[in-house]
Amino acid sequence: MPELPEVETSRRGIAPHIEGRKVERVTVRDARLRWPVPSNLPALIEGQELLEVARRGKYLLLRFASGSVLMHLGMSGNVRIVSSKTKLLKHDHVDIAFAGGKILRLNDPRRFGAVLWTSEPVEVHPLISHLGPEPLSEDFTAELLYQRSRKRTQAVKTFIMDSRIVVGVGNIYANEALFKAGIRPTKPAGKVSRAAYAVLFDEIRQVLSKAIKQGGTTLRDFVGGDGKPGYFKQELTVYGRGGEPCVVCEKPLKEVRLGQRSTVYCTDCQK
DNA sequence: CAGCGCCCCTGCCCGC
DNA sequence: TGCGGGCAGGGGCGCT
């Protein structure tokens, strides 16, 4: 479900409700996420004030004085603010209840998500330390894409989806940015020109920021922390449209699999 | 190291 | 209506 825009939408939706509040109770109904939810999580944060809800890549970071909760939504996770009266749904695995009555609730049918704890600065955590720059920060540049791609034979699509290169570009937005940039997803990353990376760089940033503005993409059931769906779906030009006409030239879009992920492009518009 | 496949898991949709 | 197969927004890990 979530790529960077959806995680950012979730962060913005939940933060105002819980920042500055004390954790009253942690309830883990099912600890079997990608990694087991630490059994001492309640002891670690109950009674502590949540200082900030931050984000790094697709990780949500709940910062406390003594450390941070790392939360990942995987493919199917979402977080919502609920009350004690809210009916429990299937797959509501973790609750963090705050003083004042608001509850942060994680629902994740496929359980590819994670809830972890680190008492060290998050930047040194093994899941975070190797991550590339944030796509909407100044650390991300066209030149970085160009330099890091030299001599690489892998497809440019899997290259831009590699979180060591840049974080937050998932399958939807990789397809969309490559279409807008006129670059064929299967082209070896090392053969994409500096000029083409300059365009791709702009398109990645544009598609991500536009999606954030619209509250993310709701394909099936994504809702932000405020319970509202995202409206970016209507902007999708290639994702999920294999076989349908290209919005520019009307030729049927081609669909292939790249790294086990569906990849859609226009054989005329993308070279 | 680079690059590629596998796999974790549930739900849904499609075709028979 | 039931059932099997394939696919889904991620990404760590192990192998070559």
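Here is how names work: the chains are called A, B, and so on, in the same order as the sequence lines, proteins then strands, and each is numbered from 1.
Not a single donor-acceptor pair, N or O on each side, falls under 3.5 Å between the base of B:dC9 and the side chain of A:R111.
Note: CD1 (A:I165) to P (B:dC1) measures 13 Å, nearest angstrom. In this entry the distance linking CG of A:L33 with P of C:dG11 reads 15 Å, nearest Å.
Looking at heavy-atom distances under 4.0 Å, A:K90 makes contact with sugar-phosphate atoms alone, never a base. At the heavy-atom level, A:Q260 lies under 4.0 Å from base atoms of the strands shown. Across all strands shown, A:R164 has no heavy atoms under 4.0 Å from either base or sugar-phosphate atoms. Contact annotation for A:F232: no contact, since no heavy-atom pair falls under 4.0 Å across all strands. Backbone-only engagement by A:S262 is indicated by non-hydrogen atom pairs under 4.0 Å involving sugar-phosphate atoms exclusively.
Within the 6.0 Å centre-distance limit, the rings of A:Y173 and A:F232 are counted as a close aromatic pair.
A salt bridge is absent between A:R56 and A:E123: the closest approach of a Lys/Arg side-chain nitrogen to an acidic carboxylate oxygen does not fall below 4.0 angstrom. Checked for salt-bridge contact, A:R21 and A:E49 miss the test: no charged N lies under 4.0 Å from a carboxylate O. The pair A:E3-A:K58 does not count as a salt bridge, with every side-chain nitrogen at least 4.0 angstrom from each carboxylate oxygen.
Taking 4.0 angstrom as the limit, A:H130 places a side-chain polar atom (N or O) nearer than this to OP1 or OP2 of C:dG12. Between A:R257 and the phosphate of C:dA8, there is a side-chain N or O to OP1/OP2 separation shorter than 4.0 Å. Between A:T153 and B:dG3 there is a side-chain N or O to OP1 or OP2 distance below 4.0 Å.
Taking the P atoms as reference points, B:dG5 lies 15 Å from C:dC7, given to the whole Å. Rounded to whole Å, the separation between the P atoms of B:dC6 and C:dG6 comes to 14 Å.
Residue ring and base: A:F112 counts as stacked with B:dC8 (centre distance below 5.5 Å, interplanar angle below 30°).
Closest to the side chain of A:H91, from the set C:dG12, C:dG9, B:dT10, is B:dT10. Comparing atom distances between the A:R152 side chain and each of C:dG11, B:dG3, B:dC9 picks out B:dG3 as nearest. Taking every side-chain heavy atom of A:P109 into account, B:dG11 is the closest of C:dG12, B:dG11, C:dG9.
The main-chain N or O of A:V26 is found under 3.5 Å from a side-chain atom of A:E46 such that the two form a donor-acceptor pair.
Residue-to-nucleotide proximity on DNA chain B shows that, of A:R148 and A:G259, the 5′-proximal contact is made by A:R148.
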